[in-house]
Amino acid sequence: MQEQYRTIAREGVHESEISRSRFICALAPAATEEEAQAFIARIRKEHPAAGHHCFAYVIGADAGVQKASDDGEPGGTAGVPMLQMLTRREVRYAVAVVTRYFGGVKLGAGGLIRAYGGVVGEALDAVGTIVRRRFRLATVTVDHQRAGRLENDLRATGHAVREVHYGEAVTIGIGLPEADIDTFRAWLADATAGTATLELGGEAYGDG
């Protein structure tokens, strides 16, 4: 697994006007190709009168799935520069759709490449990106007496508390960077006088 990846902070839209053509870039996080395709279909419905709906998406922390479409623009002038902007910015699990309303002035291949790639870059700046880092899922089990304070201490020290479950004992689900596990184990023993247990689970990504 990659140690970290960058993705879009939220869904958003950015518009630019270039030589009287409107370029509207819609960005969204997408966990799967199906999510990306559904977003593309939604944008098409929102702008039925537009001439082109060019798109690019990158799925996978390792950018394993990449797809781009020129949607009727000259080959290589729209989808590819859009995809290149996403990969150059190291953006993953994301989809970009650029809707173009033609303004009567032809831009030429170079102009189109700059326009489509540029509006994606501007949209990324406007919407913002976040870094998700790899971590181990872990479960801390502790008695009721110490649970409240331990949960507060975890949050105060910047640990991502994912869930808390109250049963016979209290289990607190957290995320830990691999490199911090031994240090955390020692901290936990100290914080709970050795009464808490730590169980490690699988790997996931979280906000860093």
Side-chain angles (χ1 to χ4, degrees), residues 1-134 203-208:
M1 288 174 80
Q2 302 278 113
E3 281 304 312
Q4 63 183 50
Y5 68 86
R6 185 174 296 281
T7 192
I8 295 164
R10 58 183 171 79
E11 206 175 289
V13 178
H14 175 78
E15 182 174 338
S16 287
E17 186 174 312
I18 301 164
S19 299
R20 298 214 298 270
S21 279
R22 288 174 67 203
F23 290 84
I24 305 165
C25 179
L27 293 174
T32 63
E33 273 201 88
E34 289 74 21
E35 279 188 26
Q37 293 285 358
F39 181 73
I40 294 161
R42 196 181 95 202
I43 298 301
R44 285 183 188 279
K45 280 185 183 171
E46 287 178 10
H47 297 277
H52 306 278
H53 299 283
C54 307
F55 69 80
Y57 56 80
V58 182
I59 309 295
D62 59 353
V65 176
Q66 300 182 17
K67 197 161 283 188
S69 166
D70 296 315
D71 193 39
E73 294 282 29
T77 63
V80 169
M82 289 170 63
L83 183 63
Q84 286 174 340
M85 183 59 71
L86 291 176
T87 55
R88 190 182 311 148
R89 297 283 194 95
E90 299 180 344
V91 173
R92 310 286 185 257
Y93 290 109
V95 55
V97 184
V98 176
T99 298
R100 183 188 181 195
Y101 288 92
F102 183 55
V105 178
K106 292 195 173 180
L107 298 178
L112 288 171
I113 289 168
R114 284 191 297 276
Y116 278 100
V119 74
V120 172
E122 289 170 14
L124 288 170
D125 291 339
V127 173
T129 58
I130 53 174
V131 173
R132 294 192 177 275
R133 301 183 195 284
R134 183 163 67 107
E203 294 183 321
Y205 287 96
D207 298 353

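Since this is a predicted model, take the numbers as computed values, not measurements. Only heavy atoms go into these numbers, but all of them, side chains included; no hydrogens, no water, no symmetry mates.
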Undergrad: Sort and list the pairs that fulfil ring-ring contact (aromatic ring centres under 6.0 Å, His included) and have at least one residue in residues 75-105, not counting sequence neighbours.
TA: Tyr5-Tyr93, His47-Tyr101
Undergrad: If you round to the nearest 0.5 Å, how far is CD1 of Ile113 from OG1 of Thr77?
TA: 6.5 Å
Undergrad: Closest approach of Ala56 and Leu86, non-hydrogen atoms and distance?
TA: O-CD1, 3.8 Å
Undergrad: If you compare all heavy atoms of Arg89 against all heavy atoms of Arg6, which two are closest, and at what distance to 0.1 Å?
TA: O-CD, 3.6 Å
Undergrad: Looking only at atom types and distance, does a side-chain atom of Thr7 sit under 3.5 Å from a main-chain N or O of Arg92, one as donor and one as acceptor?
TA: yes
Undergrad: What is the distance from atom NE2 of His14 to atom CZ of Phe23, rounded to the nearest 0.5 Å?
TA: 12.0 Å
Undergrad: Kindly give the heavy-atom pair with the smallest separation between Tyr57 and Glu33, and that separation in Å.
TA: OH-OE1, 2.6 Å
Undergrad: What residue among Ile8, Leu27, Val120 forms side-chain contact (heavy atoms from CB on, under 4.5 Å) with Val91?
TA: Ile8
Undergrad: If I compare all heavy atoms of Lys67 with all of Leu83, which pair ends up nearest, and what's the gap?
TA: O-CD1, 4.2 Å
Undergrad: Would you confirm whether Thr99, through its side chain, and His53, through its main-chain N or O, come within 3.5 Å as a donor-acceptor pair?
TA: no
Undergrad: Could you tell me the separation between the CD1 atom of Ile59 and the CD atom of Glu35, rounded to the nearest 0.5 Å?
TA: 8.0 Å
Undergrad: To the nearest 0.5 Å, tell me how far Met82 CE sits from Cys54 SG.
TA: 6.5 Å
Undergrad: Taking atom NE2 of His52 and atom CG of Asp70, what is their separation to the nearest 0.5 Å?
TA: 10.0 Å
Undergrad: Can you name the closest pair of heavy atoms from Ala28 and Glu11 and give their distance?
TA: CB-CG, 3.7 Å
Undergrad: Testing the basics here: between Arg10 and Ala126, what is the closest heavy-atom pair and its distance to 0.1 Å?
TA: NH2-O, 3.8 Å
